[in-house]
4 protein chains.
Amino acid sequence: MINRVVLVGRLTRDPDLRYTNSGTSVASFTVAVDRNFTNQQGNREADFINCVVWGKSAENFANFTHKGSLVGIEGRIQTRSYENQQGNRVYVTEVVTENFSLLESKAESDRYRAQHGGSASSAPRQQSQSSFGGNPYGAPTNNQGSYQQDNAYGNGNNDAMQDPFAGNGSKTDISEDDLPF
Amino acid sequence: MINRVVLVGRLTRDPDLRYTNSGTSVASFTVAVDRNFTNQQGNREADFINCVVWGKSAENFANFTHKGSLVGIEGRIQTRSYENQQGNRVYVTEVVTENFSLLESKAESDRYRAQHGGSASSAPRQQSQSSFGGNPYGAPTNNQGSYQQDNAYGNGNNDAMQDPFAGNGSKTDISEDDLPF
Amino acid sequence: MINRVVLVGRLTRDPDLRYTNSGTSVASFTVAVDRNFTNQQGNREADFINCVVWGKSAENFANFTHKGSLVGIEGRIQTRSYENQQGNRVYVTEVVTENFSLLESKAESDRYRAQHGGSASSAPRQQSQSSFGGNPYGAPTNNQGSYQQDNAYGNGNNDAMQDPFAGNGSKTDISEDDLPF
Amino acid sequence: MINRVVLVGRLTRDPDLRYTNSGTSVASFTVAVDRNFTNQQGNREADFINCVVWGKSAENFANFTHKGSLVGIEGRIQTRSYENQQGNRVYVTEVVTENFSLLESKAESDRYRAQHGGSASSAPRQQSQSSFGGNPYGAPTNNQGSYQQDNAYGNGNNDAMQDPFAGNGSKTDISEDDLPF
DNA sequence: TTTT
DNA sequence: TTTT
């Protein structure tokens, strides 16, 4: 049973960092990957692939990427469903990120920020703190610091169907030392 | 720009073979991939990943797999959207198959068919011939024999947003000679 | 920086399980993957890809596979070099397995063993215990139980150039409970 | 039977473009992929992965990359062997590129060239024209323009064991129109 | 024999 | 040195 995805593309917006009830971080973002062929009108389309990343990696990801960032993503396809406010079942397909890499130099990234007026990477953007309940990401509930990405026998989201984000709005304050790159 | 998926799993049902207006074959199917970890209740869940395969490969796929078949899939994630009958935009994420392999011996497959009463692989199941209009797969329209899977510069579906299946119901009659395996 | 490999193929021989000086298990094996095209003589060739797997997974792998087993392998390409007995530098390219799956039912596997006279999977083959020094796999040396496959920031072999196998010949005696599948 | 590789890394040198007896282009290059963990001395090592690319793609690749270029590579692992001049069998493991992407902007690339005195991408570097016989790449011999990368049933090198490069030194003169990106 |  |  194999489920492996590799993407290289650009973020369509700043990643959205949230917290589960139990305090686990989760960032969601969309990667635009240009197709390597053109359509009948001669235009190159793109696929817009929804992704999530959990735990410490979520914080790193959110603090060091922004709209337009070129990223490499390794992970797996996850499907899940939830009931929306109208009582309909909604089916979701997304990529659970198990590893990522930043494919732009800091110079390039700064050049981007200069043009777009974002904060510098040494002063990471304030992450979202608002609570919210409508988002259907299933949150791991066994998460007293033990969350493990990329371990062979317990990747990702252990409870795909549970309600997730009740957003306690706790701030993180990560330092350079914590970075995986 | 990289967009690569590899799956190994089992079909949740017989593949559904259809035809576009212009006569291109397309098979759709769902692969169940067991997760390699268990949830909090100690159960192993699975991801149910929607896939399509185009052209001659669609016919091969439909004729040599069935519910329960163990298959390997290589492809890319495609996102597209369409308007449903209620006028709402529906977003779809699926895997466009560029290569597949059958991971069961004919013996295994026959054993399955014996237990489930399906047709033998030497007498391929009759493919679906009914027309239908509600299915939102974008069909390639430049498909006078020129459809190419897995070619570097024009993979997959060249017109992701167009209406697809008006199902002309033409029969295919493929022979053993045409098989890629 | 991405380095991702997925293989599905058959073992060309029983996996070879050894131990490093510090007692870490490592299994090496070769996966034959048939090409999906034929050569000019009309024959289908195969690629024979050398792989290693470390730690507990090595023991599981060795005990539940054998010559001919159909396996799925996820990992990364590793390159390393060592000096051989003639004083020449030898370059090695191999796949470091981070995750694997057995793609045959126990029934299939038993059928194979019945025909080939191997031991049953409930009575795992005795692993190799002989010491040996000529094999150039770099062994992790921080391995007091802390070896981690598939963790995001410290996969695999942490000391790729060091001498490895002085084979202490310690026996393992794993039980069903330890299995990742 | 699946054999899939994705790499993102930097070229360790300019790609080496050669020609087979029958005039097929082939470029060889090495991709350095930094590991995402450090060794015991706290240093980050890299894997140096040998790759080839055939046909028109070889020419594109050679003309638009150089030492240091950040590239994405999709392909498969190929193993082959040849007899060297001392009469010993040499085993080779390399990645056959089926698709690639340039992950640096033209600006970045030009910046590099400005600093290193290379030719501009609009005036592609003169490819190697010298003949040579010692290189053991097996050359496809059915290559009267019919060479196909990335087609499902006949990828890559159809004659993996034959002597390859007798280098006829024919010049190519590709134009912008031919580029796949 | 290795890249930033 | 290779597997079904």
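Just so it is clear: chains get the letters A, B, ... in the order the sequence lines come, proteins before strands, and each one is counted from 1.
- At a cut-off of 3.5 Å, with distance as the only test, a side-chain donor of D/N50 or D/T30 sits close to an acceptor on the other residue.
- Not a single donor-acceptor pair under 3.5 Å links the side chain of D/D47 to the backbone N or O of D/I49.
- Looking at B/T97 and B/F61, their side chains never come closer than 4.5 Å, going by heavy atoms from C-beta outward.
- Scanning all heavy atoms of the two residues, the minimum distance from A/R4 to C/V6 falls at CG-CG2, 3.9 Å.
- Listed for the A/S101 side chain is a donor-acceptor partner under 3.5 Å among the backbone atoms of C/M1.
- Counting only N and O atoms by type, the side chains of C/N88 and C/Q86 include no donor and acceptor under 3.5 Å apart.
- Comment: C/R10 engages C/E104 in a salt bridge, judged by a side-chain N to carboxylate O separation of less than 4.0 angstrom.
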Task: Nucleotide-level pairing of DNA chain F, given in dot-bracket where Watson-Crick and G-U pairs need both distances under 3.5 Å and | marks other strands - done: ....
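- Where DNA chain E meets chain D (any atom under 4.0 Å from a heavy atom), the bounding nucleotides read 5' to 3' are E/dT2 to E/dT4.
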